[in-house]
Amino acid sequence: MTLSNAMTSLMDKARELTGLSEKISLSRLTELMNHFDLHVNPNLILADRINVAVTSHAKDAYPNWQNEYISNPLKPDTTYTISACATTSDTRVANASIRIWNDRTNTPLSDKNGSWEPSIWIFPADGKRHSYTFTTDNKGASSDGYNYVLWAYAGVAGGEIYGFDFTTIYRDIKLEVGDLATPFEKSGGGS
């Protein structure tokens, strides 16, 4: 896409948002930005789970499945984006994971071909913010219309059994409707 095409698309969108019908200059658009209703989506993560630590002990019966529940049930056939920062207490554990799980059917989110790959978001536990977009299906929806929930794990869910104790620390977890990760807000960011 050329710069001219990109700017035309931007200006067309600006006219749509402002209700203007004539061409708009970049300087006029800049002036109007102060009046646009730009917002940050509400956070759908449970307020007391925005920051959570999950510990795996070598002596646990299932050390590679230690987890914490972090969300209310999700709506079916809806696109969500989750974003978070994660670190681990031991550098030998390089990744963190959040799983999309259907509590009603006891199954993970799957794609049209039956692959469970979309059900687990694995990302570097490097302290940087990462995001993942997924769409729920309508399998096992309850009478109130909800099905999937999110779980944060120590390391990678069901992954390697490390044989030592460690903790994965998730910070500023944010779940929002749509395919865009908007900034985490410290005040009011937790729904």
Side-chain angles (χ1 to χ4, degrees), residues 6 33 36 38-75 78-103 107-111 115-136 146-191:
M33 288 296 285
F36 285 173
L38 300 176
H39 64 278
V40 175
N41 291 332
N43 192 351
L44 304 175
I45 292 295
L46 295 169
D48 64 344
R49 297 294 185 202
I50 291 170
N51 298 301
V52 67
V54 187
T55 300
S56 174
H57 299 284
K59 65 180 177 16
D60 290 336
Y62 300 99
N64 54 340
W65 288 107
Q66 299 305 305
N67 58 61
E68 291 286 335
Y69 178 79
I70 61 172
S71 76
N72 284 314
L74 307 179
K75 293 179 181 177
T78 304
T79 297
Y80 293 94
T81 297
I82 185 162
S83 55
C85 305
T87 56
T88 59
S89 62
D90 193 304
T91 57
R92 294 175 286 181
V93 181
N95 293 309
S97 65
I98 293 178
R99 195 170 190 204
I100 306 148
W101 187 257
N102 190 323
D103 274 350
T107 57
L109 178 68
S110 60
D111 65 15
S115 169
W116 292 359
E117 187 175 318
S119 73
I120 188 160
W121 172 41
I122 300 170
F123 61 102
D126 58 7
K128 297 177 184 172
R129 190 156 202 81
H130 299 275
S131 65
Y132 178 66
T133 299
F134 62 94
T135 301
T136 56
Y146 294 88
N147 53 5
Y148 291 93
V149 293
L150 299 178
W151 296 84
Y153 285 79
V156 176
E160 179 181 343
I161 298 175
Y162 294 95
F164 53 86
D165 297 353
F166 69 94
T167 300
T168 302
I169 303 135
Y170 295 86
R171 288 182 314 282
D172 301 339
I173 305 171
K174 184 171 186 184
L175 175 66
E176 51 199 312
V177 174
D179 62 357
L180 179 67
T182 61
F184 180 85
E185 290 183 335
K186 293 290 182 191
S187 85
S191 53

Query raised in the report: So, do L74 and F134 sit near enough that their side-chain heavy atoms are less than 4.5 Å apart?
Result: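 When only atoms from C-beta onward are counted, F134 and L74 do touch, with a gap below 4.5 Å.
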Query raised in the report: Does a side-chain heavy-atom distance below 4.5 Å link N51 with D172?
Result: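 Yes, close enough: below the 4.5 Å cut-off.
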Under the 3.5 angstrom rule, does the side chain of [X] hit a backbone N or O of [Y] as a donor-acceptor pair?
X: N43; Y: I173; value: yes
X: T107; Y: N102; value: no
X: S56; Y: A154; value: no
X: N95; Y: G155; value: no
X: T168; Y: A96; value: no

What is the minimum heavy-atom distance between [X] and [Y], and which atoms define it?
X: R129; Y: S83; answer: NH2-OG, 3.0 Å
X: E68; Y: V54; answer: CG-CG2, 3.6 Å
X: E176; Y: P42; answer: CB-O, 3.9 Å
X: T167; Y: A53; answer: CG2-CB, 3.7 Å
X: Y80; Y: K75; answer: OH-N, 2.8 Å
X: G159; Y: N64; answer: O-ND2, 3.0 Å

Query raised in the report: Which class fits the ring pair Y162 and F164: parallel under 30°, tilted 30 to 60°, perpendicular over 60°?
Result: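 If you compare the ring of Y162 with that of F164, the planes turn out tilted.
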Requested in this report: Would you please classify the geometry between the Y153 ring and the W65 ring as parallel, tilted or perpendicular, with 30° and 60° separating the classes?
Outcome: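 Because their plane-to-plane angle is over 60°, the rings of W65 and Y153 count as perpendicular.
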In Å, rounded to the nearest 0.5 Å, how long is the span from [atom1] of [X] to [atom2] of [Y]?
X: F123; Y: S97; atom1: CZ; atom2: OG; value: 7.5 Å
X: T81; Y: L180; atom1: OG1; atom2: CG; value: 7.0 Å
X: Y132; Y: I122; atom1: OH; atom2: CD1; value: 9.5 Å
X: L109; Y: W101; atom1: CG; atom2: CH2; value: 11.0 Å
X: S131; Y: I82; atom1: OG; atom2: CD1; value: 10.0 Å
X: E117; Y: S110; atom1: CD; atom2: OG; value: 12.0 Å

Report task. Quick one: do L46 and I70 satisfy side chain to side chain contact (heavy atoms under 4.5 Å, CB included)? Show the steps, please. Result -> CA-CA 6 Å; L46 295 169; I70 61 172; 5.8 Å; no
Query raised in the report: side chain to side chain contact (heavy atoms under 4.5 Å, CB included) between D60 and Y62: does it pass, once the steps are laid out?
Result: CA-CA 5 Å; D60 290 336; Y62 300 99; 6.0 Å; no
Query raised in the report: Taking P118 as the fixed residue, which of T133, T135, D111 is the one that meets the side chain to side chain contact (heavy atoms under 4.5 Å, CB included) rule?
Result: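 The side chain to side chain contact (heavy atoms under 4.5 Å, CB included) with P118 is passed solely by D111 among T133, T135, D111.
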Requested in this report: Show the numbers, then the answer: is there a side chain to side chain contact (heavy atoms under 4.5 Å, CB included) between L150 and I100?
Outcome: CA-CA 5 Å; L150 299 178; I100 306 148; 3.5 Å; yes
Requested in this report: Could you tell me which residues satisfy ring-ring contact (aromatic ring centres under 6.0 Å, His included) with Y69, sequence neighbours excluded, listed by chain and number?
Outcome: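 Scan of Y69 (ring-ring contact (aromatic ring centres under 6.0 Å, His included), adjacent residues dropped) gives W151.
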Query raised in the report: Under the salt bridge (Lys or Arg N to Asp or Glu O under 4.0 Å) test, which residues partner D165, sequence neighbours left out?
Result: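 For D165, no residue satisfies salt bridge (Lys or Arg N to Asp or Glu O under 4.0 Å) once neighbours in sequence are set aside.
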